[in-house]
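In what follows, a structure is listed as structure tokens, so that the remarks can point back to it.
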Amino acid sequence: MTGINALFLLTGLLLFISVLASTISARLGLPLLLLFLGVGMLAGEDGPGGIVFEDFFIASLIGQAALSVILLDGGLRTKVSSFRVALKPAAVLATWGVIGTAGLLGLFATWILDVDWRLGMLLAAIVGSTDAAAVFALLRNSGVRLNERVQATLEIESGANDPMAILLVTALVGMLLQPETASVGGFVWMLTSQLGLGAILGLAGGWVLSRLMARLSLPDGLYALLILSGGTLVFAATNLLDGSGFLAVYLAGVVVGNRRSHATEHVLQVMDGLAWLAQAGMFVVLGLLVTPSKMLDYATEAFAMALFLTLVARPVAVAIGLTPFRYPRNELLYVSWVGLRGAVPVTLAIVPVVMGVPDSQLLFNVAFAVVLLSLLVQGATVPLAARWLGVEVPPRDEPRDKREVWVSEAAAVDMLEFCVEAGAKAEGRHPDELGTDHPGHDVRCVALVREGGLHRLTADTRLRPGDSVWMIAPDEISEQLARSFTGSRGELTANASFFGEFVVDPDSRASDLADAYGLRIEEAERELVMGELLAVRLGRPPVVGDRVEIGAFVLTVREMGDKGRITALGLKCPPLGGGR
């Protein structure tokens, strides 16, 4: 019992320190995952903790279990509209991107490490795929809002590229250990079964889980356990049938997350905590597993490989893969830069060690060093690179908080919280008067919090700066409603400044707008509506933030509806005097 309690104490202490360390990650500008790794390394045999942990099998078990939880949570938060925008390009990156990156890096690794080409290619295959845990964590917690095409491409790629990486690693391990059994037909069949079974079982499992979640009546806390256990079943069953469990559990999460029901919010809240626990636990264990002093023996080679991977192999593979989809150059550069490495490469690096591949310890140490450099350099610059390359979209004018109140199994009302800012349009008005600004919609105030207490609404009530107002209103007008509470009268918010001073109906005729503002457009374009004009000039599926310049004017996609339809455009006019 003493040993068991000591293990519990150690586990709790490491996780406790990891969570506390998260409070300084933003101040230091370091990715949180890197701090988790650091805690594990400090607790390891080379650190002050002095814990000797060399069980690669246990580490692999913990890593795969944690990754299944992280991918499930990532799928739950991925909108199905993202697939409309980026499914094809992300699929190219998840297949060709991994092969191209691994091929180029493999040649470089063979030369710089002076090893057998199969070993060099195996090392490249291990670190050739982007990592879902790192991508989901850093993109969603970096404080930066990317345009949907870039974010969707990175997230779908990281969630779907594991089958190709696993195939390459498995094939190369087989070539090293049993070269006589390796065949092209076997590799093709393995990839087909990984992708096919992963997709079929993931979609089917997600459909079953979403139906159960909508129909069952359970205590709130059990819905997340239902989805977690169901996702684990999908993950394990798919792996046993030689499919990709990672792809399956990610797709199952996508299906569940996009079939909203009364339990969806409960599931998302609990899964968020479980995903953080999985990330913390996994990276602490991987930090314990590595021996920093051994990594230093190959520090120069690992640094050179990380540099080649980041600046040559990944950008070349991305450029070749995405050029047919007409991505702007700045987006190509950002997708190339945020090819984050994390737990997946380290987990894959464990496979040769467990299988007894010669020099596998070399592969593990170099792969781990490459992951550390990726998190340190690329991970820490995610927000900075987004702003520098212009792929950031300003935050929406949105409620401070939002709650769904389900009034039946199929119907819910949205409760939105807003905070009144000094000089805002709402200041000095009765809360219920704000509904008159949105005719055709049912808008009403249900609670007013003033000075920390609930304030009783009367006919004489007027809103003051600092008031917190809870409104029942449709979510589709939340952005317009938020503008009543934000900023000073006559001043543009960051959102309005980015998209332009005027909102343009995408169904208005291009000729009418051209005549009204003096826009210079081609004669053939005059017959189009504005949404069509913008889509034609872009030459790719539009997303919020896409811009087209027409002379000195700028048209920006402001809002997107279902099925990829533009529902609002922003028009930015040149400053008076003809400046830009």
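The figures that follow rest on heavy atoms only: side chains count, while hydrogens, waters and symmetry mates do not.
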Quiz item: Short question: side chain of Ser374, backbone of Val370 - any donor-acceptor pair under 3.5 Å?
Solution: no
Quiz item: Going by distance alone, is a donor N or O of one side chain under 3.5 Å from an acceptor N or O of the other, for Ser244 and Asp162?
Solution: no
Practice problem: Determine the sole option in Val548, Val543, Val544 for which the side-chain contact (heavy atoms from CB on, under 4.5 Å) test with Asp546 is passed. | Solution: Val543
Self-check item: Worked verdict on Leu168 versus Val98 for side-chain contact (heavy atoms from CB on, under 4.5 Å)
Solution: CA-CA 9 Å; Leu168 292 177; Val98 177; 3.9 Å; yes
Quiz item: Is there a side-chain contact (heavy atoms from CB on, under 4.5 Å) between Gln361 and Asp359 once you walk through the steps?
Solution: CA-CA 5 Å; Gln361 196 68 46; Asp359 294 323; over 6 Å; no
Quiz item: Do Trp337 and Tyr334 have ring centres separated by under 6.0 Å?
Solution: no
Quiz item: Leu172 versus Met175: any side-chain heavy-atom pair under 4.5 Å?
Solution: yes
Quiz item: Is there side-chain contact between Val285 and Phe53, with heavy atoms separated by less than 4.5 Å?
Solution: yes
Practice problem: Anything under 30° is parallel, anything over 60° is perpendicular, the rest tilted; go ahead and classify Tyr327 against Phe325. | Solution: perpendicular
Practice problem: Could you verify whether a donor N or O on one side chain and an acceptor N or O on the other, from Glu331 and Asn147, lie under 3.5 Å apart? | Solution: yes
Self-check item: CA sep, side-chain torsions, deciding dist, call: Leu119, Val357, side-chain contact (heavy atoms from CB on, under 4.5 Å)
Solution: CA-CA 9 Å; Leu119 201 65; Val357 173; 4.3 Å; yes
Quiz item: Taking C-beta and beyond as the side chain, do Ser229 and Leu225 meet within less than 4.5 Å on heavy atoms?
Solution: no
Quiz prompt | Check: Met282 and Ile70 side chains under 4.5 Å, non-hydrogen atoms | solution = yes
Quiz item: Quick one: does Asn161's side chain have a donor or acceptor within less than 3.5 Å of a partner on Ser129's backbone?
Solution: no
Quiz item: Would you say the side-chain atoms of Asp272 pair up with the backbone N or O of Leu268, donor to acceptor, closer than 3.5 Å?
Solution: no
Self-check item: Contact list for residues 298-320, test side-chain hydrogen bond (donor to acceptor under 3.5 Å, both in side chains), sequence neighbours left out
Solution: Glu157-Arg314
Quiz item: Got a sec, which residues hit side-chain contact (heavy atoms from CB on, under 4.5 Å) with Ala43, two or more places apart in sequence or on another chain?
Solution: Leu14, Ile51, Leu288
Quiz prompt | Student check: side-chain heavy atoms of Phe283 and Val39 closer than 4.5 Å | solution = no
Quiz item: Parallel, tilted or perpendicular: which fits the ring planes of Phe56 and Phe364, with parallel below 30° and perpendicular above 60°?
Solution: perpendicular
Self-check item: Polar side-chain atom of Arg341 near backbone of Gly339 as donor-acceptor pair, under 3.5 Å
Solution: yes
Quiz item: What are the two closest heavy atoms between Leu154 and Val338, and how far apart are they?
Solution: CD2-O, 3.5 Å
Exercise. Examine distances only and state if a side-chain atom of Asp131 and a backbone atom of Val344 form a donor-acceptor pair shorter than 3.5 Å.
Key: yes
Quiz item: Short question: side chain of Ser82, backbone of Thr78 - any donor-acceptor pair under 3.5 Å?
Solution: no
Quiz item: How far apart are the C-alpha atoms of Trp388 and Thr381, what are their side-chain angles, what is the distance that settles it, and do they pass the side-chain hydrogen bond (donor to acceptor under 3.5 Å, both in side chains) test?
Solution: CA-CA 10 Å; Trp388 187 60; Thr381 56; over 6 Å; no
Quiz item: If we ignore angles and hydrogens, is there a donor and acceptor under 3.5 Å between the side chains of Ser293 and Glu45?
Solution: no
Self-check item: Gly321 to Pro324 - nearest heavy-atom pair and separation
Solution: O-CD, 3.6 Å
Quiz item: Among side-chain atoms of Thr291 and Asp46, is any donor-acceptor pair under 3.5 angstrom?
Solution: no
Quiz item: Do Arg547 and Phe498 meet the cation-pi criteria used here (NZ or CZ under 6.0 Å from the six-membered ring centre, within 45° of the axis)?
Solution: yes
Self-check item: Closest approach of Ala199 to Leu251 (non-hydrogen atoms, all atoms of both residues)
Solution: CA-CD1, 3.6 Å
Quiz prompt | Main-chain N/O of Trp276 paired with Asp73 side-chain donor or acceptor, under 3.5 Å | solution = no
Quiz item: Does some side-chain heavy atom of Leu274 sit less than 4.5 Å from a side-chain heavy atom of Gln279?
Solution: no
Quiz item: At their closest point, which heavy atom of Leu201 faces which heavy atom of Val234, and how far apart are they?
Solution: O-CG1, 4.0 Å
Quiz item: What is the minimum heavy-atom distance between Ala317 and Gly100, and which atoms define it?
Solution: CB-C, 4.2 Å
Quiz item: Between Leu197 and Leu241, what is the shortest heavy-atom contact and its length?
Solution: CD1-O, 3.0 Å
Self-check item: 4.5 Å side-chain heavy-atom contact, Val52 and Glu54
Solution: yes
Exercise. Flag yes if more than 12 heavy atoms outside Arg540 fall under 6.0 Å of its CZ atom; otherwise flag no.
Key: yes
Quiz prompt | For Ala367, side-chain contact (heavy atoms from CB on, under 4.5 Å) partners two or more places apart | solution = Leu123, Ile126, Val127, Ala349
Self-check item: Pairwise side-chain contact, Arg149 with Pro541, heavy-atom cut-off 4.5 Å (strictly under)
Solution: no
